[in-house]
Amino acid sequence: MTQTFEGLAIGGKRVAAANGATAPTYNPATGEVLAQVAQASAVDVDQAVRVAHDRFSTGAWKQMRSRERGQILGRIATLIREKSEMLAQIESRDGGKPISAARGEIGAVANTFEYYAGAVNKIHGQTIPGNANGTVMTFREALGVCALIVPWNFPLVIAGWKIAPALAMGNTVIVKPASVTPLSALALADLALEAGLPEGVFNVVTGSGSVAGNALVTHPLVRKISFTGSTEIGVGVMQQAAAGIKRVSLELGGKSANIIFADARLEPCVESSLWSVYDNAGQDCCSRTRFFVERPIFDEFVERFVARTQTMRVGDPNDEKTDMGPLITSQHRDSVVNYLHVGDGEGARRLCGGDIPGGALAAGNYLTPAVYVDVKPEMRIMREEIFGPVVCIMPFDGEEEAVRFANDTPYGLSGSLWTRDIGRALRVARAVETGMLSINSSSSVHIEAPFGGMKQSGLGREQGMTALEHYSEYKSVFIAND
Ligand code: NAD
Ligand code: MN
C-alpha cells in the first residue's frame, strides 16, 4: 500500500483537519507507515456535528420512505461484499489481523448492514386504549446525532454494529475510530456515499480519544453516545454524558470464564477453547481468559491444551496459514509482557509462551501465547483484563464452586461451559452473571441476538432488534375522540 493522506469524512467530503494536523497509522506486523491521517480537533468535531445535526433536522434521511432507506442500507451491504478483499486488506494491514480472519470480519459487517436493512420497516409503535376519551399512539422516534466511538480490536465489525442500527432508525452519525485503526471506517464512509446515503448522514472524525473523542462526548448537539472500549474510559464517558443527559450505551472490558466439566467431549472442547482465548491474538473483549476445569480431567486438559497452544502459528498476517498476528502496538505488547512479569511474580506457573519472536518477525509486535496454572482467584492476572494471548487455568470441584469462581469478577461479558448434562448446562448458564454464554461452543456473536455486558462490562445491548431500542425513543401522541 502506498502512503496516502486520509482526510476526515464530513458532509460527504474528505477534508484536512482545520489546523492541518496529521498522524501516521502503522502496520503492526512491520512498523511500516500506511497513511497519514487527519487528526480532528474540537473545531473539526464541531463542524462534523453541525453538519450531522443539520442533516438530521432537515429530514433528508429520517423522512425518506422506509423502503428506500432499507434499500440504501442493503446497497451498503452489497458494496461491502463487492469490495470485501480491499476492505479485508485494509483491516489486516492497519490492525495486524490474519488475512483469513479479516475476510471473515468483512463478511460479518455486510451481514450486519443486511440485517438492519430488513429491520427498517419492522419497527413501529402501538395504539393503546387510554383511560381518557380517545386513543394514545406511540411512535419510535430517532434521537438525532449519535457519536459512535470504536476500539481498535475489531474496527469495522464494531463500527457496523453501531452505524447500521443507528441509521436504520433515522439518526445521523459521527464515527470516531480508534487512532491506531482509522482506515476501514473512512473506506466504509466512501462506500456509503456510493450506495446513495445522503451526504452528511454518516461522518467520520479521526484522531485521538482525548481530543476528538472527548470533543464528541461533550458536544451539546450530540444526543447519544455509543462507546466500545475499556471500562476505565467508559466510566469517564458516562460521567461526561451526564452533563447533557445524553443517552449512553457502553460495551466495555471482560474477563470471561470457560467452565469445563469432567463429562465434556474433550477433543472439540480443547480445539474450541484455544480460539476462545487466542482469537485476534487475545485482543477480544469476549476472550475466555479464565478456564475452570473440573478436577478429574484437569491434568489431561492442561496437557492437551498446552500441546495445542505450542502449535499455534504466530506470524505474518498476510500468510493464509497464520493463526495469530502481532499485537496492536509495541506499547500494548509491553503492557501484556508486564502482566507476565506480574503473574510470574505472584507465583503462578507459566507452562509455555510469552516469548518475543526474533528473525523475520522482530519488526512486528509479536508475542507467543502463554498458559498459566497454579493461579489463585486473588492474583492480578486472574482479575484484570490483560487483552493479550494469556490464559489462566484453575481446577474446581463441583457445580456450585464453578459458578462461584466464574462470578468472582467485576466483569460479565461472555463465557462458555462444556458438559453433556443438559440440566446442569442450563442451571449453570442461568447462574453465571454474563451477557452472553455459549454451551459446548465458544461463539459470542449472533447478529440476530442481543450482545452486551452485565456488571462492569457495560450498559445496553448491541445487535438484534434490541439495538434499535438504544437508537430511538418513544413518543406518545393522544388523539381525543370528541
Ligand atoms: P479505549 O478505551 O482505549 O478506546 C476506545 C475508543 O475510545 C477509541 O476510539 C479511543 O480513541 C476513544 N477514547 C479514548 N479516550 C477517550 C475519551 N476521553 N473520550 C472519548 N473517547 C475516548 O479501548 P481500546 O484500547 O481501543 O480497546 C480495547 C478495550 O475495548 C478493551 O477493554 C476491550 O475489552 C474493550 N472492548 C469491548 C467490547 C465489547 O463489546 N464489550 C468490544 C471490543 C473491545
Ligand atoms: Mn494501524
Side-chain angles (χ1 to χ4, degrees), residues 1 6 23-35 37 39-40 45 90-97 147-155 157-159 161-162 175-185 204-219 222 225-241 248-256 280 282-287 289 317 326-329 331-332 335 365 384-388 411-414 434-436 444-445 450-463:
M1 207 182 275
E6 295 283 349
T25 187
Y26 299 93
N27 181 338
T30 59
E32 167 203 12
V33 173
L34 297 173
V37 182
Q39 300 293 292
V45 168
I90 290 175
E91 207 71 324
S92 172
R93 289 191 168 119
D94 206 8
K97 283 174 189 294
L148 312 178
I149 303 177
V150 177
W152 47 259
N153 59 338
F154 295 100
V157 168
I158 293 175
W161 291 348
K162 300 180 189 302
V175 178
K176 212 304 270 171
S179 53
V180 288
T181 54
L183 300 181
S184 55
V204 182
V205 293
T206 47
S208 75
S210 53
V211 178
N214 186 63
L216 261 180
V217 168
T218 51
H219 198 292
V222 167
I225 303 159
S226 174
F227 171 87
T228 300
S230 56
T231 296
E232 186 191 355
I233 303 284
V235 167
V237 166
M238 194 169 171
Q239 279 168 342
Q240 285 180 301
V248 183
S249 35
L250 303 169
E251 299 280 4
L252 309 173
K255 191 79 182 172
S256 296
N280 211 41
Q283 303 165 121
D284 183 338
C285 53
C286 293
S287 199
T289 46
L327 300 186
I328 187 72
T329 58
Q331 296 91 310
H332 183 58
S335 139
N365 315 313
E384 297 175 20
E385 184 183 51
I386 298 173
F387 225 56
Y411 293 113
L413 191 59
S414 193
T434 184
M436 287 83 62
S444 299
V445 175
F451 175 100
M454 291 185 179
K455 294 156 69 179
Q456 289 180 33
S457 286
L459 190 69
R461 293 290 180 271
E462 300 197 302
Q463 306 185 53

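Atoms within a ligand are numbered from 1 in the order they appear, just like the ligands themselves.
Here the heavy atom of the protein found nearest to atom 37 (C) of ligand 1 is Leu252 O, 3.0 Å. The nearest heavy-atom contact from the protein to atom 25 (O) of ligand 1 is Trp152 NE1, 2.8 Å. Atom 11 (O) of ligand 1 has Lys176 NZ, 2.7 Å as its closest protein atom, hydrogens excluded (heavy atom only). Atom 15 (N) of ligand 1 has Ile233 CG2, 3.5 Å as its closest protein atom, hydrogens excluded (heavy atom only). Residue, atom and distance of the protein heavy atom nearest to atom 12 (C) of ligand 1 are Ile149 CG2, 3.7 Å. Summary of contacts: the protein heavy atom closest to atom 42 (C) of ligand 1 is Cys285 SG, 2.8 Å. Among all non-hydrogen protein atoms, the one lying nearest atom 13 (N) of ligand 1 is Gly209 CA, 3.4 Å. In terms of protein heavy-atom proximity, atom 28 (C) of ligand 1 is closest to Phe387 CE2, 3.5 Å.
Heavy atoms of other residues, nucleotides or ligands lying less than 6.0 angstrom from OH of Tyr26 number 12 at most.
Using cut-offs of 30° and 60° for the angle between ring planes, the Trp161 and Phe451 rings count as tilted.
Judged purely by atom type and a 3.5 angstrom limit, Lys255 has no side-chain atom pairing as donor or acceptor with the backbone of Glu385. Between the side chain of Gln283 and the backbone N or O of Ile328, at least one donor-acceptor pair lies under 3.5 Å. Checked by atom type and distance alone, the side chain of Thr231 pairs as donor or acceptor with a backbone atom of Gln456 at under 3.5 Å. Under a 3.5 Å cut-off, the side chain of Arg93 and the backbone N or O of Pro28 do not form any donor-acceptor pair. Of the possible donor and acceptor atoms, one in the side chain of Thr25 sits under 3.5 Å from a partner among the backbone N and O of Val180. With Ser92 contributing its side chain and Lys97 its backbone, the two residues share a donor-acceptor pair below 3.5 Å. The backbone N or O of Leu413 lies less than 3.5 Å from a partner atom in the side chain of Thr434, making a donor-acceptor pair. A donor-acceptor pair under 3.5 Å is absent between the side-chain atoms of Gln240 and the main chain of Met238, judged by distance alone. Not one N or O on the side chain of Ser179 forms a donor-acceptor pair closer than 3.5 Å with the backbone of Gly207. Panel note: side chain Asn153, backbone Asn280; no donor-acceptor pair is recorded below 3.5 Å.
Not one N, O or S atom of Asn27 sits under 2.8 Å from the Mn ion (ligand 2). Counting backbone and side-chain atoms alike, Val180 contributes an N/O/S atom closer than 2.8 Å to the Mn ion (ligand 2).
Within the listing of ligand 1, atoms 19 (N), 20 (C) sit less than 4.0 angstrom from a heavy atom of Asn214. Of all atoms in ligand 1, listed by their number and element, those nearer than 4.0 Å to a heavy atom of Asn153 are 43 (C), 44 (C). Interface of Gly213 with ligand 1, defined as ligand atoms under 4.0 Å from a residue heavy atom, comprises 19 (N), 20 (C), 21 (N). Taking every non-hydrogen atom of Val150 and a distance limit under 4.0 Å, the qualifying atoms of ligand 1 come out as 6 (C), 8 (C), 9 (O).
For Thr228, heavy-atom contacts with ligand 1 shorter than 4.0 Å involve the backbone as well as the side chain. Contact annotation: for Phe451 versus ligand 1, heavy atoms closer than 4.0 Å belong to the side chain alone. Contacts between Leu413 and ligand 1, counted as non-hydrogen atom pairs separated by less than 4.0 Å, involve the side chain only. If you look at Glu385 next to ligand 1, the close heavy atoms, those under 4.0 Å, all belong to the side chain. Only the backbone of Pro177 comes within 4.0 Å of ligand 1, judged by heavy-atom distances. Neither the backbone nor the side chain of Leu216 has a heavy atom within less than 4.0 Å of ligand 1.
Between Thr231 and ligand 1, no pair of N/O atoms sits closer than 3.5 Å. Every N/O-N/O distance between Val237 and ligand 1 stays at or above 3.5 Å. Geometrically, ligand 1 and Ile158 share no nitrogen or oxygen pair separated by less than 3.5 Å.
Using a non-hydrogen distance threshold of 4.0 Å, Phe227 registers as a contact of ligand 1.
Around atom 3 (O) of ligand 1, the closest heavy atom drawn from Gly229, Ser457, Ser230 belongs to Ser230.
Contact annotation: the side chain of Phe154 approaches that of Asp284 to within less than 4.5 Å [non-hydrogen atoms, C-beta and beyond].
Under 3.5 Å, the side chains of Ser184 and Glu91 contain a donor-acceptor pair of N or O atoms.
Between Pro151 and Thr181 the shortest heavy-atom distance is O-OG1, 4.2 Å.
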